[in-house]
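Everything below concerns the one structure shown next.
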There are 2 protein chains.
Amino acid sequence: MLTTRPLRSHKKMAEQVRDAVSDYIREHGLKAGDRIPTEAELCAAFGVSRPSVREALRLLEQERLVVTEHGRGRFVTAAAALNIARPITVFESISQMLAALGYAPQTRVLSARTLLAATDPQAAAALGLQPEAEIFVLERLREAGGQVLVYSIDVVPVALMGGAPEAAALTGSVNALLDKAGHKLVMSSANVAAVFLPSGVLTGPASAEPWLLVSETCLSETGTPVLYARDYHRGSLISFNFSRQ
Amino acid sequence: MLTTRPLRSHKKMAEQVRDAVSDYIREHGLKAGDRIPTEAELCAAFGVSRPSVREALRLLEQERLVVTEHGRGRFVTAAAALNIARPITVFESISQMLAALGYAPQTRVLSARTLLAATDPQAAAALGLQPEAEIFVLERLREAGGQVLVYSIDVVPVALMGGAPEAAALTGSVNALLDKAGHKLVMSSANVAAVFLPSGVLTGPASAEPWLLVSETCLSETGTPVLYARDYHRGSLISFNFSRQ
């Protein structure tokens with residue numbers, strides 16, 4: 001049932017074939033109902049073994065990108081044609097997200113403070129901290145062309161960072177700071193809501209607009225919550241895509 | 001390589017085992033790093049064959065709920081502990097979503113009209129309609145306890161429905177209407193944004209609040225776009241969860 005190749009690298013090969021077939025569907029503009037190449041053709045095209053191709057096709061079926069009709073062949077599904085740009089379910093930094101939207105934003109630090117967890121009960125709950133634990137709270141704006149795009153509040157347990165970060169690091173990535181301290185962020189549990197900004201953050205018309213608030217508890221590889229982020233995205237400029245199945 | 005059981009039902013069995021293991025993790029409060037039962041224990045517990053259990057474990061690994069450490073066993077990942085309630089990525093009707101939030105809403109029809117696609121360019125583009133095609137446009141409110149929860153505009157190509165629906169059907173599910181006409185909705189491509197309501201829909205304080213707009217192009221099993229829905233969720237009462245990986 002198994003090939004002589006170790007399972008892990010076999011799976012990785014299958015995942016590469018899966019991605020390649022998925023790219024093929026998109027690049028060739030295949031539509032729902034279009035036939036995909038046969039197993040033999042895929043083996044030849046990618047120079048990989050039959051088991052890898054079968055596993056790739058199983059992955060594609062599972063993700064509902066491909067459907068097998070017995071005796072007829074394999075076909076592209078409607079899901080494959082959806083082709084979601086920048087899905088909200090992909091874990092990426094604000095900088096990555098804004099760059100993908102075509103912005104080259106500046107970061108402005110509004111405040112950087114070490115506080116007691118008791119001062120931010122939401123963050124304390126998300127990070128599993130006692131009221132007397134210390135948190136590092138970084139409040140920033142991302143701006144481009146004179147417009148505020150994102151207002152963010154990042155909260156990190158001070159104990160995880162080995163002290164508060166240096167001033168020079170505050171305009172950079174909090175993910176990178178945590179990574180350096182040995183806590184690589186791999187996923188998050190998030191919530192999206194429509195809100196106004198907290199009062200006093202901004203003045204002018206932007207302060208009266210609806211903002212898209214994404215609140216996230218970010219976990220490291222070991223499953224430890226290491227960052228609680230509240231990112232307010234300007235509603236008139238930023239929205240998110242996703243697919244529902 | 002295949003069991004004598006047909007692939008389809010074998011897959012369904014594996015999916016059932018996958019769900020059962022996922023429930024087990026949640027119900028027993030397992031945390032990231034906790035060991036899950038062995039293949040043999042799972043076979044015995046669920047009374048299913050080894051291939052079904054292996055397939056289920058492969059699904060769980062792929063969804064990053066379980067990780068295999070060679071020679072040590074299988075362990076719960078951080079993702080399994082996230083336990084997202086009502087994820088935005090699950091395709092469900094507004095009624096299902098509001099019921100899950102504990103609301104028993106009333107539906108009020110604001111308007112039901114047959115128009116030319118040209119009057120709604122966004123819907124026409126999403127549904128792939130020519131300007132002169134006819135669309136059925138249904139505008140409704142979901143209310144509970146005297147509060148508006150959702151304002152929705154559903155747009156369906158008239159040609160797909162075999163004519164405009166009867167008045168009695170207008171407070172019910174548009175999904176069910178399409179289902180009856182032979183178009184079962186299976187997935188959607190969606191976008192979420194923070195907005196104000198279109199002017200004139202409501203008066204009073206709710207009209208000045210931020211609303212969470214989910215715009216969805218819903219596809220049938222054949223990949224045909226059959227419904228373009230714009231659902232405005234009251235920001236102060238409704239938000240959505242998801243995980244990012």
Side-chain angles (χ1 to χ4, degrees), chain A residues 1 6-8 11 31-33 51 54 58-59 61-62 64 68 70 76-84 87-92 186-196 209-213 215-224 233-236 238-245, chain B residues 1 7-8 11 31-33 51 54 58-59 61-62 64 68 70 76-84 87-92 186-196 209-213 215-225 233-236 238-245:
Chain A
M1 199 149 184
L7 185 65
R8 184 161 294 274
K11 278 200 81 166
K31 293 198 186 63
R54 285 214 183 111
R58 190 153 43 212
L59 293 175
E61 271 198 64
Q62 223 163 261
R64 298 175 68 176
T68 301
H70 290 290
V76 174
T77 64
L82 282 181
N83 197 6
I84 306 296
I88 196 170
T89 49
V90 169
F91 191 53
E92 63 176 6
V186 292
M187 69 188 72
S188 72
S189 163
N191 176 273
V192 61
V195 300
F196 286 125
E209 281 184 21
W211 292 67
L212 196 63
L213 169 60
S215 313
E216 283 188 286
T217 305
C218 303
L219 307 183
S220 71
E221 282 172 320
T222 59
T224 313
H233 305 83
R234 187 143 176 198
S236 55
I238 299 170
S239 68
F240 290 94
N241 300 315
F242 55 99
S243 70
R244 280 181 149 172
Q245 297 188 23
Chain B
M1 197 145 185
L7 185 64
R8 185 160 294 273
K11 279 200 80 168
K31 293 197 186 64
R54 284 214 183 111
R58 191 154 41 212
L59 292 174
E61 271 198 64
Q62 222 164 264
R64 298 175 67 175
T68 301
H70 290 290
V76 174
T77 63
L82 282 182
N83 196 5
I84 305 296
I88 196 170
T89 49
V90 168
F91 191 53
E92 63 176 5
V186 292
M187 68 189 72
S188 71
S189 162
N191 176 272
V192 62
V195 300
F196 286 126
E209 282 183 21
W211 291 67
L212 196 63
L213 169 61
S215 313
E216 283 188 285
T217 305
C218 304
L219 307 183
S220 71
E221 282 172 321
T222 60
T224 313
H233 305 82
R234 187 140 176 202
S236 54
I238 299 170
S239 68
F240 290 94
N241 301 316
F242 55 100
S243 71
R244 281 181 148 171
Q245 296 186 23

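Everything quoted here is computed from the prediction, not taken from an experiment. Proteins come first, then strands; the chains are lettered A, B, ... in the order of their sequence lines, and each starts at number 1.
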Under 3.5 Å, side chain of B:Asn191 to main-chain N/O of A:Phe240, donor-acceptor pair present?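 Here the side-chain-to-backbone pair exists.
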Of all heavy-atom pairs linking B:Glu216 and A:Arg244, the shortest is OE2-CD, 3.0 Å
Any idea which heavy atoms bring B:Leu212 and A:Val192 closest together, and the distance? CD2-O, 3.8 Å
Is any side-chain heavy atom of A:Pro210 closer than 4.5 Å to one of B:Phe196? yes
